[in-house]
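Have a look at the structure below before the remarks.
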Amino acid sequence: MTTTTTAGTTGTATTPATTAATTPVTTPTTTTGRAHPRSATLRARLGATVYDPFLARGERLGLERRRIALLAGARGRVLEIGTGTGLNLAHYPADVEELVLTEPVAPMADRARARLAASGRAAEVLAAPAEDLPVATASVDTVVSTLVLCTVRDVESALSEVARVLRPGGRLLFVEHVHAAGTALGRWQTRLAGPWAGCAGGCRCDRDLLAAITARFEVRTLHRAEWTGMPGIVRPLVVGTATPSRAATHGAWEHHVTRRT
Ligand SMILES: C[S@@+](CC[C@H](N)C(=O)[O-])C[C@H]1O[C@@H](n2cnc3c(N)ncnc32)[C@H](O)[C@@H]1O
C-alpha cells in the first residue's frame, strides 16, 4: 500500500496523508506494496489506457444503467474500492456526505483523479488495496464494489475489510461478474481464467463471488444479469446489496483489533 495514514482527530476515521490534491501517486505498486518491475509498470499504464475504450460498448449496452441504479442507493460516508478510472463517479447522488475512492494501481488512480477534477466533485483517491483499507472501523455507511472482487488478490480479506469499515446498518453495493458453475460457459471460464487474467490486469473470470459475499454478508437484494457487449466469460453478473452478517462483523472487528492495535 502506498498511502500512509495518520490517526484521525475525531477518533472515528483515519486521515489519509496522500490525497489527490497533495501527492499524486506516480509509482505503480503491487497490492502488497512492493514496487512493480518495469514491465508490470508498463502493463499497468497500458491497462489504464485501454480500460475505458474496452468497457465502452458494455457501458452503452447496459452497465452504465446498472451503475446508476445501484449507486442511487449510496448514502452518507461512501467508500468505493478498486475505483479504476472512476466510471462510477458521475453517478453518485449529489447528497452523499463524503466520498472516498480507493485504487491501488497508480495509472488507474491517476485517471480517477483526472475524472474527479473534471467533475468538480469533492472526494479523495487513496492508493490502497481492498485487503488493507486505510479507513477506521465502523466509519462508513456505504461501500461500493463494481467489478473489483474478480481482481483483488484475496477476496476473503477484502470482504473482511469491507465488513470492518461498515457502520452498523451500513451496506455493500455490488456489481460483480461471476463463475457460471455447472454450465458449458463455466467450463470455458475455468479453462480461460489464467490467460484472461494475464491480459486483463489479473481479473479472474472463475470466481464464485456470490458465495464469497454470502459467507460474510446477508444479501438483501440480488439479481442476476448479463454484461452485454463484453466477452462471454465475464458476462454473468450478480448485482445487489448486502449487510455484514453478525458473525462476520465480530470476526472482522477482532481481525482489526489484532492487526491495528
Ligand atoms: C475491472 S476494474 C473495475 C474498476 C471500476 N470499479 C469499475 O467499475 O470500472 C478492477 C479494478 O480493481 C483494481 N484492483 C486490483 N487489485 C485490487 C485490490 N487488491 N484492491 C482493490 N482494487 C484492486 C484494479 O486496479 C482495477 O482498477
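Since this is a predicted model, take the numbers as computed values, not measurements. Indexing begins at 1, ligand by ligand and atom by atom, following the structure's order.
Shown in contact with V105 at under 4.0 Å from a heavy atom are these atoms of ligand 1, numbered in order with element: 25 (O). Those atoms of ligand 1 with a heavy atom of M108 less than 4.0 angstrom away are 27 (O). Close approach to G84 involves these atoms of ligand 1, each under 4.0 Å from a residue heavy atom: 4 (C), 27 (O). Residue contact check: E131 has heavy atoms under 4.0 Å from atoms 18 (C), 19 (N), 20 (N) of ligand 1. Atoms of ligand 1 found under 4.0 Å from any heavy atom of V148 (numbered from 1 in listed order, with element): 6 (N), 22 (N). Within ligand 1, the atoms closer than 4.0 Å to a non-hydrogen atom of R67 are 7 (C), 8 (O), 9 (O), numbered from 1 in the order shown.
R121 places no side-chain N or O within 3.5 Å of a backbone atom of A118 that could act as its donor or acceptor partner.
Among E103, R153, H177, the residue whose heavy atom sits closest to atom 26 (C) of ligand 1 is E103. Between atom 20 (N) of ligand 1 and the options A44, S157, A130, the minimum heavy-atom separation is to A130.
On a distance-only criterion, G82 and ligand 1 share at least one N/O pair closer than 3.5 Å.
The number of heavy atoms from other shown groups lying within 6.0 Å of CD (E218) is above 12.
Ligand 1 is never approached by C203 to a heavy-atom distance shorter than 4.0 Å.
When only modelled atom types and interatomic distance are considered, R171 and T142 share no side-chain donor-acceptor pair under 3.5 Å.
Atoms CG and OG1, on L63 and T146 in that order, are 7.5 Å from each other to the nearest 0.5 Å. Remark: R43 CZ to C199 SG distance equals 10.5 Å, nearest 0.5 Å. In this structure, the separation between CD on E161 and CG on L166 is 11.0 Å, given to the nearest 0.5 Å. Rounding to the nearest 0.5 Å gives a distance of 7.5 Å between CG of L172 and CG of L149.
Residue contacts with ligand 1 for T85 are absent, since no atom lies close enough (heavy atoms, distance under 4.0 Å). Looking at P104 against ligand 1, only its side chain comes within 4.0 Å, counting heavy atoms.
R111 pairs with exactly one of V105, T49, V125, L116 by the side-chain contact (heavy atoms from CB on, under 4.5 Å) rule, that one being T49.
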